[in-house]
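Here the structure comes first, spelled out in structure tokens, and everything after it is commentary.
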Amino acid sequence: MMITGVKVTLILLAATTVTSLTLGTVIAIMRISRIKILRVLGTLYVEIFRNIPGLFWILFFYFVFPDILPWGLGAKLNAYLHYPIVAGILGLTVDNASYVSDILRSGRLAIPHGQREAAISTGLSRVQQYLHVLLPQMFRVTLPPLGTRMVHNFKNTSLCMAIAAPELTWATQNIESLTFRGIEATTIATLFYIFLAGIMVSMIILLEKWWKIDVSSMSQSKA
Amino acid sequence: MDLLEQFSNIKFYLLGSYPQGEIGGLLLNIILAVLTICLSFWFGVLLGYSRLSCRLYIKLPCMAYIETVRATPLIMIIFWIYFFLPYIAGTNITVFWSAVASLCIYAAAYQAEIVRAGIIAVPKGQLEAALSTGMSRYRAMRHVILPQAFRIMVPSFLSFFVSLFKDTSTVFIIGVIELTQAGIIISQREPNKMYAAYVCMGLGFWIVSFSISQLARRLEKRIGIFDLESYRPDACRDEFMLLPKKKVTGEETGPDMSCRSADSR
């Protein structure tokens with residue numbers, strides 16, 4: 001049971017990291033685009049999703065979302081055995097993406113103006129500008145806060161126990177109610193969380209060193 | 001009419017079953033958040049300051065505490081307090097207080113980090129100047145560094161308050177009837193009101209945290225904390241910061257002298 005829990009937690013972690021980074025990037029680009037409607041939509045998204053707890057979104061995607069879906073899709077979803085995991089992924093993603101997009105947007109503001117001008121003058125198209133010049137730098141500048149956010153997201157996966165997604169926290173509760181060996185299970189789970197968070201942090205530090213981020217030189221060149 | 005019927009439980013979302021029973025709903029969320037921030041602030045200052053200490057036996061336990069708590073999900077802390085504190089301590093505490101306790105443990109670690117960052121952000125010359133005027137380390141911290149550090153901390157402090165307010169929704173897991181739990185109860189008891197329940201939950205959280213973050217944004221602009229370059233000590237209300245000014249204007253009675261005469265009396 002514990003091992004399934006670890007597996008599901010890891011699945012949740014991997015899936016939400018990838019999806020929320022993607023969605024967050026899209027929304028960050030929307031928020032800095034020149035088209036006003038996109039900007040307004042992006043800002044609206046961030047303001048709505050940032051100010052409501054992630055737990056609400058998880059519950060929302062589990063209980064309400066299948067009800068809204070047309071064409072009987074909802075019934076199919078409800079019948080799907082692993083729907084709690086899917087709902088957890090959806091809820092965590094929309095919650096985390098708003099933070100990611102905010103962080104990335106601040107990263108865009110930190111990039112010197114000359115970079116964009118240089119990209120235009122070499123004849124890159126707008127898509128190419130983002131793909132090859134702006135986005136890599138945005139990720140590089142914002143790596144520390146982005147990493148913190150990802151660790152936070154990892155901890156938030158424990159909220160999925162509210163909808164009975166069989167992840168680690170849920171498993172410990174289950175063990176507690178079946179065998180009354182709650183303390184052992186919870187200790188192991190807590191240690192696992194601390195261990196994995198430590199691994200994530202050290203990975204981020206390694207990545208920082210690897211990319212050789214020097215924020216101070218960045219701000220100097222901006223001035 | 002039908003719509004009004006849908007939202008007939010609005011009082012339960014806002015206050016819980018308050019006049020008849022315990023306070024609940026959104027009000028409980030706000031109470032939890034405010035209580036937690038008031039209690040954990042002092043622990044946060046203590047921890048954050050101790051983490052900067054040069055003595056290892058003070059620094060290491062604080063570091064261990066902060067890093068451990070920050071790496072543990074809030075739910076885990078809540079479980080530890082709620083289920084296992086009675087085992088270990090042999091005492092029973094109510095759901096509400098165990099929620100406050102676990103939120104405090106959680107918040108103290110984060111606030112400690114905010115305090116530490118604030119203290120580090122004060123220019124090093126300030127401490128050196130304070131020490132060179134003959135202040136003790138404690139007085140330098142108390143009167144020179146901390147007032148400035150608190151000004152720097154205000155934005156991150158407020159944004160942490162917003163996130164703490166949202167985190168209070170997590171305590172529904174041990175059956176505290178706050179807004180999330182109220183919504184779940186209603187949507188299970190009266191399934192036809194499910195949409196209304198979720199709208200109320202979302203709107204309740206959204207309105208409160210949006211207004212706090214808006215307030216924070218305005219406050220940030222007014223204080224103008226980020227331009228330390230143009231930081232004027234005379235704008236600070238702490239009396240100690242006014243000291244050099246007084247010395248220039250009134251020559252014979254500096255506050256230093258009055259302090260000494262008070263001592264001799």
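Labels below follow one simple rule: chain letters A, B, ... track the order of the sequence lines, proteins then strands, and each chain is numbered from 1.
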Part of [X] lying under 4.5 Å from any heavy atom of chain B:
| X | value |
| --- | --- |
| A:Ile68 | both |
| A:Leu159 | both |
| A:Tyr99 | side chain |
| A:Thr172 | side chain |
| A:Met200 | neither |
| A:Glu47 | both |
| A:Phe154 | neither |
| A:Leu59 | both |

Worksheet item: To the nearest 0.5 Å, how far apart are CE in A:Met30 and CG in A:Leu23?
Response: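 Rounded to the nearest 0.5 Å, the CE-CG separation comes to 9.5 Å.
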
What part of [X] gets closer than 4.5 Å to chain A, counting heavy atoms only: side chain, backbone, both or neither?
| X | answer |
| --- | --- |
| B:Thr180 | side chain |
| B:Thr170 | both |
| B:Tyr198 | both |
| B:Met194 | side chain |
| B:Ile77 | neither |

Worksheet item: Can B:Arg116 be said to sit on top of B:Tyr49's aromatic six-ring, NZ or CZ under 6.0 Å from centre and within 45° of the ring axis?
Response: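 Cation-pi check for B:Arg116 and B:Tyr49: fails.
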
Worksheet item: So does A:Arg31 pair up with A:Asp102, basic N to acidic O under 4.0 Å?
Response: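 Result for this pair is yes, salt bridge flagged.
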
Worksheet entry | Residue among A:Val151, A:Leu168, A:Asn156, A:Thr190 with most heavy-atom pairs under 4.5 Å to chain B |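 Of A:Val151, A:Leu168, A:Asn156, A:Thr190, A:Thr190 has the most heavy-atom pairs under 4.5 Å with chain B.
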
Item to complete: Mind jotting down which residue pairs meet the salt bridge (Lys or Arg N to Asp or Glu O under 4.0 Å) criterion with at least one end in residues 183-206 of chain A? Sequence neighbours excluded, please.
Response: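 For residues 183-206 of chain A: A:Arg181-A:Glu184.
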
Item to complete: Under 4.5 Å, counting heavy-atom pairs only, tell me which of B:Phe210, B:Phe205, B:Trp206 racks up the most with chain A.
Response: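 Answer, by heavy-atom pair count under 4.5 Å with chain A: B:Trp206.
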
Discussion item. Using modelled atom types and a 3.5 Å cut-off, is there a donor and acceptor pairing between side-chain atoms of A:Glu167 and backbone atoms of A:Trp170?
Written reply: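 Pair found, side chain donor or acceptor close to backbone of A:Trp170.
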
Worksheet item: Under 6.0 Å between ring centres, would you say that holds for B:Phe161 and B:Phe165?
Response: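 No - the distance between ring centres of B:Phe161 and B:Phe165 does not fall below the 6.0 Å cut-off.
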
Worksheet item: Checking side chain to side chain contact (heavy atoms under 4.5 Å, CB included) against B:Cys38, which of B:Thr36, B:Val34, B:Leu35 comes through?
Response: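 Considering B:Thr36, B:Val34, B:Leu35, a side chain to side chain contact (heavy atoms under 4.5 Å, CB included) with B:Cys38 is found only for B:Val34.
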
Worksheet entry | Full working for side chain to side chain contact (heavy atoms under 4.5 Å, CB included) between B:Thr72 and B:Tyr106 | CA-CA 9 Å; B:Thr72 319; B:Tyr106 175 76; over 6 Å; no

Fill in: A:Arg149 and A:Asn96, any side-chain heavy atoms less than 4.5 Å apart
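Of all side-chain heavy-atom pairs linking A:Arg149 with A:Asn96, at least one is under 4.5 Å.
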
Practice prompt. Give a yes-or-no answer on whether the side chains of A:Thr169 and A:Tyr193 include a donor-acceptor pair shorter than 3.5 Å.
Written response: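 Yes.
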
